[in-house]
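Worksheet for the structure shown next.
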Amino acid sequence: MILLLRQMFPFIRPYLKTALLATLCIFPLAAIKAYEAYFIKNVIDGIFDPNSTEEYAFQLAGILVGLALLKYPFRFIHFFGMRMVVDRATCDIRKAIYNKFQHLSAKYFSNAKQGQLLSIMVSDTQIFASSFMHSLDLIREPLTAALLLGVAFYHDWKLTLIILVVLPFFVGIFTVTGKRIRRYIARSQADQANMTHHAAEGLVGQKIIKAFNLQDFMLKRFDSAQIDFLNHKKKSNSAEEHSHPLVETVGSFAFATVIVAAFYRQQSGALTVGEFISFVGALAMFMDPVRRFSKANTKLNQARAAGERIFKLLEEKEEVNTGAVKFSEFRESIEFKNVSFSYGDQKVIKNFSLKISKGEKVALVGLSGSGKSTLVSLLLRLYDIEEGEILIDGINIKDYELHTYRESLALVSQDIFLFNDTVYENLTAGGKYTDHQVENALEVSYAHEFVNKLPQGVQTLIGDRGLRLSGGQSQRLTIARAFLRDCPILLFDEATSALDNESEKIVQKALDKVSSEKTVIAIAHRLSTIQNYDRIIVMNEGNKVEEGKHTELLAKMGEYKKLYELTQIEG
Ligand SMILES: Nc1ncnc2c1ncn2[C@@H]1O[C@H](COP(=O)(O)OP(=O)(O)OP(=O)(O)O)[C@@H](O)[C@H]1O
Ligand SMILES: [Mg+2]
């Protein structure tokens, strides 16, 4: 409970006034409830008293309605206020998580399961919020219970002692079942996250799933995740559903004893009917907060498990942004200096050096796995280098302020990323550009023709990940986006390799056009696309084995020649 409050506090703080006001309403609410229980005595004694007057009956009725009216605003402010605070705090938590996603390192994502991260953001926050709401019951209900017990005590303290004897049993039940629930809830919530992951896979991979008839296979994977979930859920459900009737059974024993004892006391004349009914009423009402407390206790245990995952994620280390130098202009050169790098144990880049001058167009070629994409990732500062350094204009890229640094680079890669939004939004991505600039970018990337043919032109929605466009069309849009950003350095990672020959030609034309007057590093599988580059670097196992112009390299009869022959056969 304290941990939960401590975790939640920073998110509640902006709404502290509302939260305090709502919480303070607990006191009048509990007091009114206790008074109602106490008041039963007056009602019963008043009605059954032979000397009672009509006026007195109306007075009693009036007081009852008055109490309800008095409760109304307190109840409203308490519940509505709490909900408002919790909903807002939940949105803030989600925002913090979303923001976290944008700032975690590439390394974090290569080890994390996407669906699980989604589940933390969507379902864990939901569980956490609703449980937090219930956790307030843990304050409100004991207070109400204590006041009701006070009423019972006032009427007949000896009888009330019987109830006090069972209180430790209640505490025992809550502690034992709470532990069990927590254990299994934590597991079933983890299973739920896993299920979300499988669901996401099943949606994202739709094309391939259909093409390879993987429907049954995917369903089996999903189902086995569900079975794990069911098993753990069954155990936590069972612990939860045992705890409520256990509480009631213990309570009913106490209640039964009270009734028998009350009978004898009433016989000896020590208790009036009104007192007895009011006493029993207070006890019956006392069970209600106990029940609610029991439920809130379960909810709190769920919140602990969800909160653990949420706050662990929020505490993850973010991408390091060590540099302070603002990147304003690219002047001279990009230099890889004795760079070595590994994702895990094995070095995938080994003592690699390369200097690229401003305006130069350099191609990286080599067999699959030779480290080409890794070099691009390192230049983008997606990963930090262990040995050696990358310098731009003589300054280590670590020393540049990350945001301005990345603004100098535009990446067009094989993974085409488009939002489910309009062509316009995809191109500008929130930036301010004139219509003329957008038009020009579309033209340069050979995209204006097909965009103009779309039903609403640049305002057409292009569907999830650009599904309503062809591969070549999507790629031309990403090229237009890169062009619009007007970065001095362009990085192409197999920008055309997912395309067929026809689209490849037009995308290649677009790439060549946006490249003029820029510095380009291009990774190419089809060597025909980079033949006229200023320099070609042949990579093998994390290092450079040859470099030169196309004709020079062919004449060498070495690795490049081999690669060239290989692609000639494929092409
Ligand atoms: N995120 C990653 N985590 C761990 N290892 C990785 C990761 N990305 C790449 N690797 C490994 O690093 C090596 C170099 O990969 P890289 O993607 O740079 O090759 P590449 O030359 O671009 O290959 P391709 O032509 O197939 O795209 C490979 O052995 C690969 O298995
Ligand atoms: Mg690659």
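Only this structure's heavy atoms are used, side chains among them; waters, hydrogens and symmetry mates stay out. One-based numbering, in listed order, for ligands and for the atoms of each.
Shown here for S474 and L469, the closest heavy-atom pair between the two residues is OG-CB, 3.6 Å.
For Y343 and T374, the side-chain atoms include at least one donor-acceptor pair closer than 3.5 Å. Donor-acceptor pairing under 3.5 Å is lacking for the side chains of Q226 and R221. No side-chain N or O of K549 forms a donor-acceptor pair with one of N532 less than 3.5 Å apart. When only modelled atom types and interatomic distance are considered, S445 and R476 share no side-chain donor-acceptor pair under 3.5 Å.
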Contact table, ligand 1 N/O with protein N/O, distance under 3.5 Å:
unit_1: ligand 1; atom_1: 18 (O); unit_2: S373; atom_2: N; d: 3.4
unit_1: ligand 1; atom_1: 18 (O); unit_2: T374; atom_2: N; d: 2.9
unit_1: ligand 1; atom_1: 18 (O); unit_2: T374; atom_2: OG1; d: 2.4
unit_1: ligand 1; atom_1: 19 (O); unit_2: G371; atom_2: N; d: 3.4
unit_1: ligand 1; atom_1: 21 (O); unit_2: S370; atom_2: N; d: 3.2
unit_1: ligand 1; atom_1: 21 (O); unit_2: G371; atom_2: N; d: 3.0
unit_1: ligand 1; atom_1: 21 (O); unit_2: K372; atom_2: N; d: 2.9
unit_1: ligand 1; atom_1: 21 (O); unit_2: K372; atom_2: NZ; d: 3.0
unit_1: ligand 1; atom_1: 22 (O); unit_2: S373; atom_2: N; d: 2.9
unit_1: ligand 1; atom_1: 22 (O); unit_2: S373; atom_2: OG; d: 2.7
unit_1: ligand 1; atom_1: 23 (O); unit_2: G369; atom_2: N; d: 2.8
unit_1: ligand 1; atom_1: 25 (O); unit_2: K372; atom_2: NZ; d: 2.9
unit_1: ligand 1; atom_1: 26 (O); unit_2: S368; atom_2: OG; d: 2.6

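Under a 4.0 Å N-O distance rule, the pair R406/E319 qualifies as a salt bridge.
The Mg ion (ligand 2) does not have T374 among its coordinating residues (no N/O/S atom, backbone or side chain, under 2.8 Å).
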